[in-house]
Each structure stands twice: as structure tokens, then as C-alpha cells.
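Structure record follows, encoded as C-alpha cells.
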Amino acid sequence: MKSIDIKGVSREGLGKKATRELRKANSIPCVLYGVEKNAEGLPVAKSFSVITEEVRNLVYSPDIFVVNLTIDGTTVKAILKDIQFHPVKDNILHMDFYQVTENKPIVMNVPVKLTGLAAGVKAGGRLEQILRRVKVKALYTQMPEKIELDVTPLSIGKTIKIGDVNIEGLELVNPKEAVICGVMTTRSAVAEESTEEGAEA
């Protein structure tokens with residue numbers, strides 16, 4: 001998995017007024033959670049901010065990253081867990097980061113890349129990809145940048161489901177019956193099939 005360096009600054013004021021001032025200054029309010037806990041053993045969220053330019057390559061990219069997140073000189077490894085956009089302006093309102101360790105599995109949405117030419121496509125069918133990303137549970141050190149699936153054997157009407165995918169060291173946590181991709185029938189394929197049946201008759 002690729003890595004990216006991001007620098008942040010601890011936040012002092014946490015109210016609405018302070019948040020508005022941050023956004024006016026082209027900064028984004030953020031929180032980091034995942035490892036640090038309070039005396040009661042409950043997760044503690046660390047509030048900080050980043051300037052918008054710091055996170056552009058992280059947010060506006062199809063790739064997934066482990067983040068070398070430095071806050072006031074202290075660096076931890078984290079992943080982007082959640083992001084909120086303005087419903088109209090589409091600018092970033094808030095970001096959640098989750099601190100990762102080498103011995104605790106995490107869940108990330110990993111891109112799916114289809115490879116090969118499906119047999120059903122050769123026969124006139126149409127390949128459709130239903131899931132562009134799948135939820136993968138693994139140690140961050142084993143998290144793949146993408147999952148490649150060979151669709152060459154797929155004939156018309158056949159699909160690849162989550163339950164069909166087995167990759168050592170990874171666990172796909174989507175429902176096992178969820179369809180990732182499949183070859184659908186087209187009018188040309190139906191017409192060709194009817195012609196062949198008529199010839200055989």
C-alpha cells in the first residue's frame with residue numbers, strides 16, 4: 001500500500017465558532033482515534049487541523065494510502081476512515097483518521113480491477129462491474145493497493161461473488177452473495193443464440 005505524509009496542528013478551540021474560523025483559513029478540522037484510551041479504557045479522539053493542500057493527494061485519488069500523520073512533531077501511522085463534504089459547495093468539512101499498528105487488523109475499501117477478456121463477452125455478452133471497491137480486513141502491512149480478478153472464464157450469465165474470492169491473508173467482509181461482476185446477455189447475443197438453435201433444428 002502506498003504511503004503519504006501529512007502534517008497537522010493540534011486544535012485548542014472546538015466550538016462552532018472556532019471551526020468556522022478554521023475553514024475560513026483554508027484548514028480542515030480533523031480527529032484521530034484508534035489506539036489512545038482514557039483511564040476508563042474508552043477511545044480518546046485527538047482533535048487537530050490540516051490545511052486543505054496537505055490532503056488533496058489523499059482525498060482526490062483512486063488509490064488507498066497509509067498516512068504518516070505528524071501532529072505537533074509526533075508522527076503516527078493512520079488511515080483515512082471518514083470524510084464529510086459540503087452538500088452544495090463540495091469542499092471538505094471534516095476528516096476522521098484511524099491510527100494503525102502492525103498487529104491489529106483494519107478494514108478498508110480496496111479498489112477492484114478486472115483483468116482478461118471474458119468468454120461471455122466474446123460470445124456477444126456485456127461485462128458489468130457492480131462493485132468498484134470491496135471491504136477488506138487485514139493488517140495494514142498486508143493491505144493490497146487493489147484486488148485483481150481474472151474474468152476470462154466467465155460465460156454469459158455467470159458472475160463473481162464475494163464468496164468466490166479467496167486471497168491468503170485477506171478477509172473480504174462484504175456479504176458473500178454480493179456480486180462483484182458478471183457477464184450479462186445482450187440483444188445481439190440472444191439473436192445469435194436463436195440463429196444457432198434454428199440452424200441446428
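All residue numbers in this chain count up from 1 along the given sequence.
With hydrophobic clusters built from ILVMFWY side chains whose heavy atoms lie under 4.5 angstrom apart, V134 shares a cluster with L154. In the hydrophobic clustering of this structure, V76 does not group with Y140; members are Ile, Leu, Val, Met, Phe, Trp, Tyr whose side-chain heavy atoms approach within less than 4.5 Å, directly or through other members. At a threshold of 4.5 Å between side-chain heavy atoms, the hydrophobic network of Ile, Leu, Val, Met, Phe, Trp and Tyr places M95 and Y33 in two separate groups. The same ILVMFWY cluster, assembled from side-chain heavy atoms under 4.5 Å apart, contains both L172 and L114. In the hydrophobic clustering of this structure, V121 groups with V151; members are Ile, Leu, Val, Met, Phe, Trp, Tyr whose side-chain heavy atoms approach within less than 4.5 Å, directly or through other members.
Distance alone, capped at 3.5 Å, places no donor-acceptor pair between the S49 side chain and the S27 backbone. Proximity of a side-chain donor or acceptor of Q129 to a complementary backbone N or O of C181 within less than 3.5 Å is not detected. Counting only distance, with no hydrogens or angles, the side chain of T186 and the backbone of G124 share a donor-acceptor pair below 3.5 Å.
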| request: Assess whether side chain to side chain contact (heavy atoms under 4.5 Å, CB included) is satisfied between V31 and F48, documenting all intermediate values. | output: CA-CA 6 Å; V31 294; F48 66 101; 5.5 Å; no

| query | Are S3 and F65 close enough, and set up right, to give a side chain to side chain contact (heavy atoms under 4.5 Å, CB included), and what steps lead you there? | reply | CA-CA 5 Å; S3 64; F65 296 88; 5.9 Å; no

| message | Evaluate I160 against V179 for side chain to side chain contact (heavy atoms under 4.5 Å, CB included), listing each step before the verdict. | response | CA-CA 6 Å; I160 296 178; V179 175; over 6 Å; no

| task | Determine, stepwise, if the pair I4 / N57 fulfils side chain to side chain contact (heavy atoms under 4.5 Å, CB included). | result | CA-CA 8 Å; I4 189 171; N57 291 336; 3.9 Å; yes

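In this structure, I64 and M1 approach most closely via the heavy-atom pair O-CG, 3.6 Å. Taking all atoms of both residues into account, the shortest heavy-atom contact from I71 to S10 is CG2-OG, 3.7 Å. In terms of heavy atoms, Q142 sits closest to G169 at OE1-O, 3.6 Å. Smallest separation of non-hydrogen atoms from I162 and P175: CB-O, 3.3 Å. Contact detail for I147 and P144: the closest heavy-atom pair is CG1-CG, 4.2 Å. Between I79 and I106, the shortest heavy-atom contact is CD1-CD1, 3.8 Å.
Counting only residues at least two apart or on different chains, no salt bridge (charged side-chain N to carboxylate O under 4.0 Å, His left out) pair has a member in residues 73-91. Residue pairs meeting the salt bridge (charged side-chain N to carboxylate O under 4.0 Å, His left out) criterion with at least one partner in residues 126-138, sequence neighbours excluded, are R126-E128.
Atom NZ of K104 is separated from atom CD of Q99 by 10.0 Å, given to the nearest 0.5 angstrom. To the nearest 0.5 Å, atom CE of residue M108 and atom CD of residue E145 are 11.0 Å apart. Distance check: L22 CG to K17 NZ gives 13.0 Å after rounding to the nearest 0.5 Å. Atom CD1 of I156 sits about 13.0 Å away from atom NZ of K122, to the nearest 0.5 Å. Distance CD1/I92 to CG/N26: 10.0 Å, rounded to 0.5 Å. Distance CG/D164 to CD1/I180: 7.5 Å, rounded to 0.5 Å.
Looking at M143 and L139, their side chains never come closer than 4.5 Å, going by heavy atoms from C-beta outward. Residues K158 and V183 have side chains not in contact (no heavy-atom distance under 4.5 Å, counting atoms from C-beta outward).
For E102, the CD atom is loosely surrounded, since the number of other residues' heavy atoms within 6.0 Å does not exceed 12.
Every salt bridge (charged side-chain N to carboxylate O under 4.0 Å, His left out) that E177 has, sequence neighbours left out, goes to K161.
With I28 as the fixed residue, the side chain to side chain contact (heavy atoms under 4.5 Å, CB included) test singles out one of N91, I83, V50: V50. Of the listed residues (L58, L80, T70), just one forms a side chain to side chain contact (heavy atoms under 4.5 Å, CB included) with I6, and that residue is L58. Of the candidates L149, I130, V165, V112 forms a side chain to side chain contact (heavy atoms under 4.5 Å, CB included) with just one, namely L149.
Side-chain contact annotation: T19 with R11, donor-acceptor N/O pair under 3.5 Å present. Between the side chains of Q84 and D96, not a single donor N or O lies within less than 3.5 Å of an accepting N or O. N68 and T75 are not linked by any side-chain donor-acceptor pair at a separation below 3.5 angstrom, with hydrogens and angles left out of the test.
Taking the six-membered ring where the residue is Trp, F85 and Y60 present tilted rings, their angle falling between 30° and 60°.
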